[in-house]
Amino acid sequence: MKKLIFSLTLFLVIFMSACSNASSGSKEITPDDVVVAFQDAGLHAENPSEMTKDDYGVGPMKSKEGVRVTVPQVCSDCNARIISYEAEADLDEMKEYYDSMGEESAMLFSWTAKHKNILVQVNGDMEEEEFNKYKEALESL
C-alpha cells in the first residue's frame with residue numbers, strides 16, 4: 001500500500017510539474033521563430049542574416065543571438081533586427097537604448113517591441129499601422 005501511495009504521489013508531482021511548464025509558456029523564442037511568424041503573417045522579412053558586431057553599432061551587445069532582415073516595403077536597404085536575450089534586464093536595456101535614441105533625434109527613431117525573450121527593432125520610416133502587424137505576429141508566439 002505504501003508503494004502505491006508513493007507511486008501515485010510521484011506521478012502527481014511529475015504530472016503537475018509537466019503541466020506547469022507547458023502552461024507557463026516558458027519556451028524561449030528564437031529569432032528564426034519570429035522570422036517565420038512574420039512570413040506566415042504575410043509580412044516582409046527577407047534575406048535573414050546573423051547579426052554581427054557592426055549591426056549593433058555602439059549599443060550594448062548582450063544578446064544571445066540576433067538576426068537582421070530586410071523590410072523592402074519601407075526602402076530597399078531598410079532593416080529590422082530580431083534579437084533574443086537570456087536576461088530580461090539586458091533586453092530592457094537594449095529596448096531603452098533604441099527608444100532613447102529616437103527621443104534624442106527624429107532621424108534615429110525606430111519602432112521597438114518586446115515579447116518574452118525577444119526584442120524587435122524596425123526602421124522608424126515604417127508606418128505605425130504596418131509596424132503593429134509585425135508586433136501582433138511577434139506576440140502570437
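Just so we're clear, the structure is a prediction, and the values are computed from it rather than from any experiment. Sequential numbering from 1 along the given sequence is applied to the chain's residues.
K27 is listed as a side-chain neighbour of D33, based on a closest heavy-atom distance under 4.5 Å. Side chains of Y85 and D92 form no contact here, defined as non-hydrogen atoms less than 4.5 Å apart. Looking at E50 and V67, their side chains never come closer than 4.5 Å, going by heavy atoms from C-beta outward. When side chains are defined from C-beta on, M61 counts as touching K53, because their heavy atoms get closer than 4.5 Å. In this structure, the side chains of D90 and E86 stay at 4.5 Å or more apart for every pair of heavy atoms.
Hydrophobic cluster membership differs between Y97 and M107, with clusters built from Ile, Leu, Val, Met, Phe, Trp and Tyr side chains linked at under 4.5 angstrom. Hydrophobic clustering (side-chain heavy atoms under 4.5 Å, transitive across Ile, Leu, Val, Met, Phe, Trp, Tyr) groups L43 together with L141. In the hydrophobic clustering of ILVMFWY residues, with side-chain heavy atoms under 4.5 Å counting as a link, I82 and V122 come out together. No continuous path of ILVMFWY side-chain contacts below 4.5 Å connects I83 to V69, so the two sit in separate hydrophobic clusters.
Shown here for P48 and V35, the closest heavy-atom pair between the two residues is CG-CG1, 4.1 Å. Contact between A41 and A137 at its shortest, heavy atoms only, is CB-CB, 4.1 Å. For the pair A113 and K135, the tightest heavy-atom approach, listed with the atom from each and the gap, is CB-CG, 4.0 Å. The shortest heavy-atom contact between V74 and M126 is CG2-CB, 3.7 Å. Here the shortest heavy-atom pairing between F38 and L138 reads CE2-N, 4.1 Å. Across all their heavy atoms, I118 and P31 have their closest contact at CD1-N, 4.1 Å.
With sequence neighbours excluded, the residues that form a side chain to side chain donor-acceptor pair (under 3.5 Å) with Y56 are S63. When the salt bridge (Lys or Arg N to Asp or Glu O under 4.0 Å) test is applied to D125, no partner is found at least two apart in sequence or on another chain. Qualifying ring-ring contact (aromatic ring centres under 6.0 Å, His included) partners for F131, counting only residues two or more places apart in sequence or in other chains: W111.
To the nearest 0.5 Å, the span separating CD on Q73 from NE2 on H44 amounts to 4.5 Å. Here D40 contributes atom CG and S140 contributes atom OG; the two are 8.5 Å apart, rounded to the nearest 0.5 Å. Here NZ of K64 is found 9.0 Å from OG1 of T30. Values are rounded to the nearest 0.5 Å.
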Exercise for review: Kindly determine whether R81 and M51 satisfy side chain to side chain contact (heavy atoms under 4.5 Å, CB included), including the steps that lead there.
Suggested key: CA-CA 8 Å; R81 295 178 177 112; M51 286 179 59; 3.6 Å; yes
Practice item. Walk me through it: do E93 and K62 pass the test salt bridge (charged side-chain N to carboxylate O under 4.0 Å, His left out)? Key: CA-CA 9 Å; E93 180 182 357; K62 298 179 179 182; 2.7 Å; yes
Review point. Can H115 and I29 be said to form a side chain to side chain contact (heavy atoms under 4.5 Å, CB included), step by step?
Key: CA-CA 9 Å; H115 179 65; I29 304 169; 3.7 Å; yes
Practice item. Start with the C-alpha distance between F109 and M101, add both sets of side-chain angles, then the distance that settles side chain to side chain contact (heavy atoms under 4.5 Å, CB included), and finish with yes or no. Key: CA-CA 6 Å; F109 174 77; M101 284 177 32; over 6 Å; no
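Atom NZ of K95 is surrounded by more than 12 heavy atoms from other residues, nucleotides or ligands within 6.0 Å. E65 CD: more than 12 foreign heavy atoms inside a 6.0 Å radius.
Remark: K114 engages E88 in a salt bridge, criterion side-chain N to carboxylate O under 4.0 Å.
Judged purely by distance below 3.5 Å, without hydrogens or angles, the side chains of Q121 and T112 never pair a donor atom with an acceptor atom.
Although no hydrogens or angles enter the test, the distance criterion places no donor-acceptor pair under 3.5 Å between the side chain of Y98 and the main chain of L108.
Under the side-chain contact (heavy atoms from CB on, under 4.5 Å) rule, N79 has a single partner from T70, D55, N123, which is T70.
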